[in-house]
Every structure is written in C-alpha cells, then in structure tokens.
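A, B, ... follow the sequence lines: proteins, then strands. Residue 1 opens every chain. The figures that follow rest on heavy atoms only: side chains count, while hydrogens, waters and symmetry mates do not.
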Protein chains: 2
Amino acid sequence: MVPVTRLGLMTHESSLVNRLTELLTAGELRPGEKLSEASLVERFDVSRNTLREAFRVLGEQGLLQHIPHRGVSVASPNTADVVDIYRVRRAIECSVLERAPRNHPHAVHMAEAVEQAKAAAAAEDWLLVGTANMSFHNALVSMSDSVRLMRSFGNVLAELRLAFLKVEVLDFLHAPFVDRNQGVLDAYLGESPAEAARLLEGYLGDSERQVLGAYARAGQA
Amino acid sequence: MVPVTRLGLMTHESSLVNRLTELLTAGELRPGEKLSEASLVERFDVSRNTLREAFRVLGEQGLLQHIPHRGVSVASPNTADVVDIYRVRRAIECSVLERAPRNHPHAVHMAEAVEQAKAAAAAEDWLLVGTANMSFHNALVSMSDSVRLMRSFGNVLAELRLAFLKVEVLDFLHAPFVDRNQGVLDAYLGESPAEAARLLEGYLGDSERQVLGAYARAGQA
DNA sequence: TAGCATCGATTGTTCTACAAAACTAGATCC
DNA sequence: GGATCTAGTTTTGTAGAACAATCGATGCTA
C-alpha cells in the first residue's frame, strides 16, 4: 500500500524556484543581470532565507551564478560555455539515439513535436517552433528511460536558452532545423539508428556554429 | 587583466558542503540515514540557515533526499536507481570514449589509474583499488573536455558510491575490473575507439549485474 | 593619473520566534 | 487484537532582526 503521492505539495521555496525558472527561461531576467537579495525579497515577498535557498538550487542547476560576497546573477554563457554545452548535447543525444530500442514508445512524442513544429512554421509562429524544437530533443533524450539523464540534459538545455537570450538568437532561425528533425526521426524509424545519430551529429554541429556566429555578430566573448 | 582567482575563497557554507560530501562518500553518514537539522547544527556548529543552504546544494546533486516537512536524509538508491545510474554511465562513458580524439592528453591519466590499480591489487589494498578505479573513469570522461559532463558524471558516480555503501559491495570485488580497464585503454590507444566503447559497454553491464546481485543478496529493493 | 583611505551597501551568518505539518502515544471503538 | 481517533510533542518552513565581513564607490593625496 503506497503512501500518499506527495506531488501536490508546494512549499513556499519550491514555488519560488519555479517562478524564478519561468522568469529566467522567459528572458524577463536577462543573462548577466545582478539579482540582489533585497530587491528580490521585496519583489517575491519572501524572506531572505527562503530566497537564498532557492538561489542555491538554481545555482546548482547552472541557471544562476553565485560568487561569494558578490551575490548571484543570471548565468551568462560565453562562447566557451556554448561549446561545452554542445559537447554535452552531442555526447548525450547521439548516444541515446544510437542505443534507443526500435519503436520506443516515446518516439511518438518526437513525431508529435515535429508535426507541431511544421504547423507552427507554416503559421510563422516562430516562438512555437522553438518550443516544439525543445520538445523534440527532450522526447529524444527521454528514450534513454533515465530520469537522471533527463535532468542533466534539461539543465543544459535551460542554460543554452540563456545563451540564446543573451545574443538574441531569433526564433525564426530555428526554422531550417524542423526538416532536419524530421530526417533524424525518419532515420531512427527506418531502423538506422547509426545513420540517425550521424544526422543528429551534423545537425548539432550546424546549430552550434549558428549560435557561435550570433555571438561573433553580437561582439560577445 | 584578470581579477583575482577566487579559488582560495571558502565561505562557511561551501566548506560545510565539502565536509558533508566527505562524510557521505566515506560512509560515515549511512544511506537512508535521517539528517535532522538540530543534530547537524550541533555537530557542525553552524546555524540552521547555513545548514539548510548546504542541504539544498547536496540535494540538487542527488546525494541527499529532501521531502518537504519530513526533512532530509542520505540518498538510498534502490535497484531502479542503480539501473538508471548505469544507463547514464553507458550513455556518457561510451559516448565520450568513441568521440575522444586519438592521443588525448588525459589518456595518460587513465594509464596512471590503471597502473595504480594494479599496484594496489598486488598489495591487496582493495580500498585503493576502488579509488583508482574511480580515477580511471573520471579520467575517461574528462576526455570529453566538458566541465558540465564531468560535473553530471561526478554526481552520478557519487550516488553510485552510496549504492555500494548501502549493500556493502566489498571493495575487493572491483579487482577483476582492473584488467578490463587495461583492455579498454589498450583498445583506445590501439586506435580502435569503437572496440574500446564495445568493451566498456560490456564492462559496465557486468558491473551493473554485480551491484544488482549484491542488492538481491541483501534483500533490498 | 595612480594609488589609497574611507564610507556605504551588500552579502554571510547567527539567533529568535512562530505557524504548519508530521510524528508519538494513549484512549477509544469495533 | 487491531484499527482509528485525538491531543500533545517534535520537527520543519518561514520570517525577521541583528551584526560581522567583504565589496564597491567615492573622494583624497601625492
């Protein structure tokens, strides 16, 4: 007899973590922005203690940077960070794709994400295209059936989102990748996981180059 | 002009995180053990706030489990967790090995770890064998040149250590794997990364089975 | 202009306090 | 006997005040 599933439980602190995460991924807290304790205590109407605990959680996730005695600021990935992030993406995504069993249940989610992205692209809703693209890659990694891999990957992807926001990688730039997602999916479904991984590797390389290009244009390190 | 490298900086809290990490990996805090705030506040002579911040950090790393209103306890991986951990290890380690460039500088560290393990095994210092084994796999993942991948992998390996402690996987059981580490290294150095990855995959599968066997013998879920 | 001392602001840490949730141990009921 | 209820105790969640330590900026001196 399993005890109560305590999913509905929401401490003040965990909801603060959620709220901050939303603001970060929505870009309302800009990369590099200083987050002073006093201002956020006022803004969210929580105590310093609660806020600092939330800071530690998000810091460990890589979304916030904490420098002792200098406070915390929104992570601001530089080009070295972007390169590092794409190394992780290649290692994880390609590996998962190669090892995924044929007809993994979550492959359906990948297909759904591709369809959603195509429809959004047709409607020129680039924001939705970006969201669907994230869904595709999350669905891909979920085929590992590993909650830890999903968690690590999610953190890295959230950090990459900060990189996009920093140099204003416009959402419509993701459009060309919709078809390549389809290609990766087709190769996987066509029982060619090795080929699918090869396509994905090329995909990620091009994506990385595009982001680094945006950094160069923005004159950022 | 780079500012001061603030590596020597040690806030009270970060040193507490370090101390707790040591106790956890040394097994002085047993898996599943309840960590009450009052007792640890007394033991480490820190305030509740500082302790709770350290709890959040270690919780996010997976070493502590935090259940709202019930406090934190040392993570106590079950068989599902072990399976999950080995999925991550296979995905990360094999992927890194396949992609590592020929003659990566850190390959030397792998070789050193193998030598250290052999010497320790000859001296029947099984604890040192285990440490050297950890060094080998850390060196392997460091060939990814990705600090994020190293960080995620380190967290997973620390959690696996808790699993060992939980069911008392004896250190000398690692001995047979010393030669297999050598085999993986030889394949990599022999310009056969694919073969090295294949060997490592088998290695990890056997290792996983051994741990799960220990769980079964201990009557643990 | 390049240090350098000073001061104000921010963070690190402790302490106290109290509300809320969880645990404990009897008491009660079937 | 076992389950359930209840009241009291313990522990955690959160707020807030206070102070030390450090940082950053300001203005001064050479």
When you compare the side chains of [X] and [Y], does any donor N or O come within less than 3.5 Å of an acceptor on the partner?
| X | Y | value |
| --- | --- | --- |
| B:His106 | B:Asp145 | no |
| A:Lys34 | A:Ser73 | no |
| A:His109 | A:Asn138 | no |

Please give, in whole Å, the distance from [N] [atom2] to [X] [atom1]?
| X | N | atom1 | atom2 | value |
| --- | --- | --- | --- | --- |
| A:Ile67 | D:dC23 | CD1 | P | 11 Å |
| A:Leu40 | C:dT11 | CG | P | 9 Å |
| B:Leu51 | C:dC15 | CG | C1' | 15 Å |
| A:Leu35 | C:dT10 | CG | C1' | 14 Å |
| A:Asp45 | D:dA15 | CG | P | 7 Å |
| B:Glu37 | D:dT14 | CD | P | 11 Å |
| A:His69 | D:dA20 | NE2 | C1' | 11 Å |
| A:Met10 | D:dG13 | CE | P | 15 Å |

For [N], take OP1 and OP2 only and decide whether either is under 4.0 Å from a side-chain N or O of [X].
| X | N | answer |
| --- | --- | --- |
| A:His12 | C:dA20 | no |
| B:His66 | D:dG13 | yes |
| B:Arg52 | D:dG13 | yes |
| A:Ser47 | D:dT14 | no |
| B:Thr50 | C:dT14 | yes |
| A:Lys34 | D:dG24 | no |
| A:Arg70 | C:dT10 | no |

Open item on the list: The side chain of A:Glu13 is closest to which nucleotide in this list: D:dT14, C:dG12, C:dT11?
Closed with: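 Looking only at heavy atoms from C-beta outward on A:Glu13, the closest nucleotide is D:dT14.
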
Open item on the list: Does any part of the side chain of B:Phe136, heavy atoms only, come nearer than 4.5 Å to the side chain of B:Glu112, both counted from C-beta?
Closed with: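 They are not in side-chain contact.
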
Open item on the list: Determine whether a donor-acceptor pair (one donor, one acceptor, N or O, separation below 3.5 Å) exists between the side chain of A:Asn49 and the base of D:dG16.
Closed with: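 Yes, the side chain and the base share a sub-3.5 Å donor-acceptor pair.
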
- [ ] Could you tell me whether the side chain of A:Arg48 has a donor or acceptor atom within less than 3.5 Å of a complementary atom in the base of C:dT13?
- [x]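 A donor-acceptor contact between them is present.
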
Task: DNA chain D: 5'-proximal contact among A:Val46 and B:Gly71 (nearest heavy atom) - done: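 Result of the comparison: B:Gly71.
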
Open item on the list: Regarding A:Glu201 and B:Arg99, does a basic nitrogen lie under 4.0 Å from an acidic carboxylate oxygen?
Closed with: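 The answer is yes: the pair qualifies as a salt bridge.
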
